[in-house]
Structure formats: C-alpha cells, structure tokens
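Only this structure's heavy atoms are used, side chains among them; waters, hydrogens and symmetry mates stay out. Here is the naming used below: chain letters follow the sequence lines, and residue numbers restart at 1 for every chain.
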Amino acid sequence: MPEPDRLALMFSTLCFLGAFAAAASRVVAAAYRATWPHHALMALGFLGQCWVLLNRGRELGRCPITQPWELLLFISWGVVLMYWVVGPAYRVSLMGIITAPLVWLFQVVALILQGTMPPRPGDGILAARPKIDPWLEWHATVSLLAYAAFALAASAGILFLFQNRQLKSGRPHRLIFNLPPLHNLGRGLLGLLHAGFALLSVGILSAYLMETRPGTLKLAASWAVWAAYLAILFHQWRQGWPQRRLAEVAALVFLLPLGTLWIVSQH
Amino acid sequence: MPLFATGLNHTTASVSLRERLAVRDTEIASVMEEMRAQPGIREVVLVSTCNRVEVYAAGEQPHSALAFLDARFRLGDDADRLYRHADDQAARHLFRVVSGLDSMVLGETEIFGQVKSAYAAAQGAGATGRTLNKLFQHAFRVGKHVRSSTRIQQGATSVGGAAVELAERIFGELRDSTVMILGAGDMSRRTAQSLQSRGARSVIVANRTYERAVELAAEMGGRAVHYDAWPDEVTKVDVIISSTSAPHHIITPGHVQAALRRRHGRPLFLIDIAVPRDIDPACGLFDGVYLYNVDHLEDMASEARTRREKEILRCERIIENEVSAIAGVLSVPAAGLWVPPHADTLIVPAAPAPSPSSPLHPNR
C-alpha cells in the first residue's frame, strides 16, 4: 500500500480516537451532548476513510474489499455512514457514543493487518479493468453495510449489558445516567438487527446476479451469517426474548460475521 | 449606580415570617411601584417565592428599600432578620441565587425560572433600568454557565427524584408509562407525582381501603382498583410503587413471572418503599425487572447531595469571576465584603474579600 493511503488511514483513526475521547469526556462530565469538536472529528475521520477507499478503489479498479483490512475499513465506513444518515437525534443519543470507539477499534485492527500484509501485485498501480460488474459492486457494498449494522447492534448490545448490570445492582454508577436509556438501546438494537438482516438478504441475492458467481465457501459463509440472524429475528418474533438476552445474542453472534471476513475477502 | 439587595430566605426566617413578607403575583407590580416612589430608588426587582422574598434595588440610595420593607410589612424587630448586600455583594448574592447555591435543595433549577419570571414582571411594570437589566441578564448567563460547567444539579436529591431518574434510565421518555401505587401512603403518592411531573401518563391506585384509593386516584387524575384486583393490572403498568403496611411480601416472584409472560420484553420497574418490605427481593432476579427499595433510593439521593456539596467551590469560583466582570460593567463600587457561603449570621459580616491565595479568588 502506498504511504499516503496508510497516512490517511492513520489520520482517520486518530480522528475517531479524538471523537471517542471527546464523547467520553462529555459522558464522564455528566453532560453528554455531542459537541462540535466531536462532530468535526467524526467528519474528518469519515473524509479520511473516503479518501483511502476511493484511492484504493482506483488502484484496484473495483470495490476495495480484497483484503481483510480493506473489509474492516469498508465496514467502518459503513458504520460512520449510518451515523451521518440516520439523523441528529439518534446520532446524539446512541450512535454518537458507540460509533467512534467501534470505528476506532476496527481501524486499529485494519492498520495492524495492513502493516503485516505484503502488498499485492499491482498495488499502487492504477488498474485498467475493462469492465466493472455493477452487481459485484452492489453486492459488496450492501453486504458490508449489513455487517456495519450488525457491528453497531453488537456494540449497542454491550452497552445494554453494562447498563443492565448496573441497574440490577441497585447501586448504579453515575456514569450510566449519561448513556442512552435502556429500553431505547434495546429497541435500537433490534432495529439495527432488522436493518442488517434486510441489507444482507439483498446483498446475498444480488451475488447470484453477478457475472462471476462467488466461490462456494464464500457463499456458504454468507448464508451461515444470514441464517444465524434469521434465527435470532424469528425467535424474537415468535417468543420474544427479554432485552438482556437479545443484547447478549447480538454481541455474541457478531463474532460469526467478524470471523467470516477472512473467507469473504479471500474467495 | 449603587446596588442593594435585601430580603430573607428559608435559612434566615421562619415560614411565618416569610408568609408576612410574601407578595402575591397580582400585587408585585404595585409594591414595586411603591418602592420606586421612595427617594433614592430608581430601579427595583422583587422576587417572591415560597422560600425567599428579596428586593434588588438600584439608585442613589437603594438601601432605602430596607426602610420601605420595614414600614410596609411592619417588621419591627424582625427587620434584623433581613440580609443586606451592597453593590458587588448584591451581584454575588443574585448569582448564587440563580445558580441554586442559596436554595433549600442545593443546585435546584426551579429558582432560575422564578427569578426570571420576577425580572420579567419588573420589566413589564417598567421597574427596571440600565443597571438592573444588565445585572439580571448577566445573572441568567452566570446561572446557565454554572449549571453547564459544574455538576451542581447532577443527580436527584430526593427519593421521588431518584425514582424518576431510574425510571427515565429504564424507559427513556415516561410519556407512555403507567404507574401503579399499592398502598395509598404519602411517600408513594409523592413518588408517583414525581413520575407524573416527568410525563407518566396514568396512575392506577390499589389500597386495602377502597375509598382511600378512590380519593388518591381522583387527586392524581388516575383510577382506583379494588385491592384484590391489582395482580390483573401488572401486565399493563411499567412502574409499581408499593408502600403498604403489610407484614409480609405482597408482590411475589409468582406475580412477576405471570406478568412478564404477557409483557413482550417490556421492562418492569418495582419501587418498594415499605418497611417491612412489600416486594420479595427474588422478584428482582427476573430479566427486565428492576427492583429498588427505599434504602437504594435514599442512598442515591444522599450521594447526589454529597456530590453537589463538593461542587460548591467550583461554582463559587465561577461566580467570583463573574462578579468581577459585572462590577466593571456596572461601575458599582466594590464593597470589599465577602459573604461566606451558608453563613450563620444574618447580617453580612465584614469579612475580607478572598485573598489571592484563596481557592475562591477569581484569578485562581
């Protein structure tokens, strides 16, 4: 990977770390309102992500999801995209708190992975592919946005479990009074699971419209993830888990899509 | 122009004396007009709440407000109970009042609105001018600044407030929440009222004496149910406040388990104010059930009070800076007197202003 891309990724990661620190300091100060430094850092981080992905896409001549670090970056980009598009109220109440640390963590891993991987042949050279398969691009984008939604759901689940434990103790730490309310977190989590599942369904179906069908292993991995989330939503619809159980499941099951990233990028 | 503030509050005067000085809303304009007719008083703002009656005056001889109050309310010896603050002390006092530092519940926010209303009334009556306009507008900025940059208003300081905080933590907005009161005691009534004040839409009351339940339900705009029918209501409510005098547990895990099956994952907040306890502690073990007893709530309120007290110093520092700023703007003479917070004395003592080494000094 050429040096400017890595520098841009580092810059973006630092911005998200700064945004995380800004949000955390406000939460600790018991006055959580997303402030302009927080928004500015999120915007700069997002621009950094766009720059790297755009540059990488131009080099590869396709959607830049050929290596695990690119996938992590793309998912991080999807998470931040949701942060911007869902709306200011949600941004302040839930995603503002979760997004920055989650994205920062993903990008730190992406930086480590990127640093340890040898450059692929053709890296740094503008690709000249004669034709782009739009279904491939669509499939990749939508599927990774689904993964982004699952990542946010997992983060919301962890936040829920932390708060739930505190509230159950009878002596909750003051910190939780600056976090999103428990019931809202539970509902937001379920919404994210629904959104992620819908996006993943569209992504998988569009894979069958691609000129070159993805490998069997990749398809099997995608279907496995899809089936896992279908099972969660079906159970939730039929019997209704308590919110704590749903939060646990959302956090744990996310390990599955996370674990399949390598397969998705290699096949 | 010289400034003067005088009055009394919950720490300096009994409720009977405060009642004597209290001015009804309808009379405030005329009292301010009478005061402005006094020689040496040009501008006046009168603040009259249940915990304080205060006059802020500006003019050549604003301290004549003191004589006016004495004569108007026939205070006699009680006139000694009025505190007196001149110039920058008056500004400091007002800043402390709007910041909630002079309130019965430290850091409470209601006083801010009450002073704002008093100022608006004075403005409407044409009783304010350049000096008091600047002073009060600056005071409102100080009040906001103190509250936003310190934790002086953080946490609920009463059992009812703590219950509201927890309910909001669990449900978010309380608009769609229904509250059930088991046992029509005063504490449960106040707690339910706190929840209602934050939006809880309906209240169900169950009491062994049905007539008392009807009475309380009417008072709270809710509905009463017969005592033996309360278990049927559990599926419909979000918060249960229990304070019966029963010697045994009223709400058992069986009740909760049965209700949870029909609640579709919606949380249930149980508040047990009774001693001996009404709610079996095992009820709190179910997912989605949050059980708090009176000790939990008292602890939360007590911690909040302690936290607020620890913030006083930070608030005073901000106020000192602002007093210096407004003194320059208004060109009021610096009286050079510093009123220690929560002073026991009623008349301002001639204590020195904060020294440069003091933690309260504006430059620190």
Side-chain angles (χ1 to χ4, degrees), chain A residues 25-33 35 89-90 92-94 97 156-157 159-191 193 232-233 235-250, chain B residues 107 144 147-156 161-162 164-177 238 257 260-272 281 283-300 302-304 306-308 311 314:
Chain A
S25 70
R26 300 297 291 165
V27 168
V28 170
Y32 185 73
R33 298 280 185 280
T35 50
Y90 201 47
V92 169
S93 68
L94 171 61
I97 294 171
L159 206 55
F160 182 99
L161 292 171
F162 170 69
Q163 274 207 67
N164 183 65
R165 193 181 168 83
Q166 287 288 320
L167 283 168
K168 280 280 193 183
S169 72
R171 285 178 170 74
H173 191 278
R174 197 65 227 159
L175 184 69
I176 70 155
F177 290 89
N178 306 307
L179 296 176
L182 206 59
H183 193 55
N184 295 1
L185 263 177
R187 280 194 304 195
L189 185 158
L190 188 60
L193 288 179
I232 294 170
L233 293 175
H235 189 279
Q236 180 64 22
W237 173 67
R238 281 299 296 268
Q239 288 180 299
W241 265 315
Q243 286 186 321
R244 180 188 66 84
R245 182 59 57 83
L246 185 66
E248 280 175 351
V249 169
Chain B
K144 284 180 191 163
R147 290 174 201 284
S148 64
S149 13
T150 71
R151 300 179 195 187
I152 195 65
Q153 61 180 33
Q154 192 192 83
V164 168
E165 260 201 326
L166 288 164
E168 286 180 334
R169 198 80 328 260
I170 295 166
F171 300 104
E173 297 268 336
L174 297 182
R175 272 199 307 262
D176 298 328
S177 302
D238 303 293
Q257 196 169 23
L260 286 179
R261 279 193 217 108
R262 287 176 285 166
R263 291 181 65 82
H264 306 290
R266 186 159 173 84
L268 181 62
F269 181 25
L270 303 176
I271 303 170
D272 189 351
C283 295
L285 299 177
F286 289 105
D287 271 335
V289 178
Y290 303 91
L291 170 60
Y292 281 73
N293 61 39
V294 72
D295 279 359
H296 294 138
L297 299 174
E298 283 284 10
D299 283 353
M300 283 178 66
S302 158
E303 278 170 25
T306 309
R307 254 195 322 273
R308 288 184 182 201
E311 288 297 292
R314 287 179 65 200

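Rounding to the nearest 0.5 Å places CD of A/Glu248 at 7.5 Å from CG of B/Asp287. Taken to the nearest 0.5 Å, the CG atom of A/Leu182 stands 9.5 Å off from the CZ atom of B/Phe171. Note that the NZ atom of A/Lys168 and the CG atom of B/Leu285 stand 7.0 Å from one another [nearest 0.5 Å].
Contacts of A/Leu246 with chain B are absent, with no heavy-atom separation under 4.5 Å from either backbone or side chain. Only the backbone of B/Glu168 comes within contact range of chain A, with at least one heavy atom under 4.5 Å from a heavy atom of that chain. Heavy atoms of A/Gln163 lying under 4.5 Å from chain B belong exclusively to its side chain.
Side chains of A/Arg174 and B/Arg307 form a contact here, defined as non-hydrogen atoms less than 4.5 Å apart. Looking only at side-chain heavy atoms (C-beta outward), B/Leu166 and A/Pro172 come within less than 4.5 Å of each other.
Remark: B/His296 pairs with B/Tyr292 by the ring-ring contact (aromatic ring centres under 6.0 Å, His included) rule, at least two apart or across chains. A/His235 meets the ring-ring contact (aromatic ring centres under 6.0 Å, His included) test with A/Trp241; sequence neighbours excluded.
Ranked by non-hydrogen atom pairs under 4.5 Å with chain A, the options B/Leu297, B/Val289, B/Leu291, B/Asn293 are led by B/Val289.
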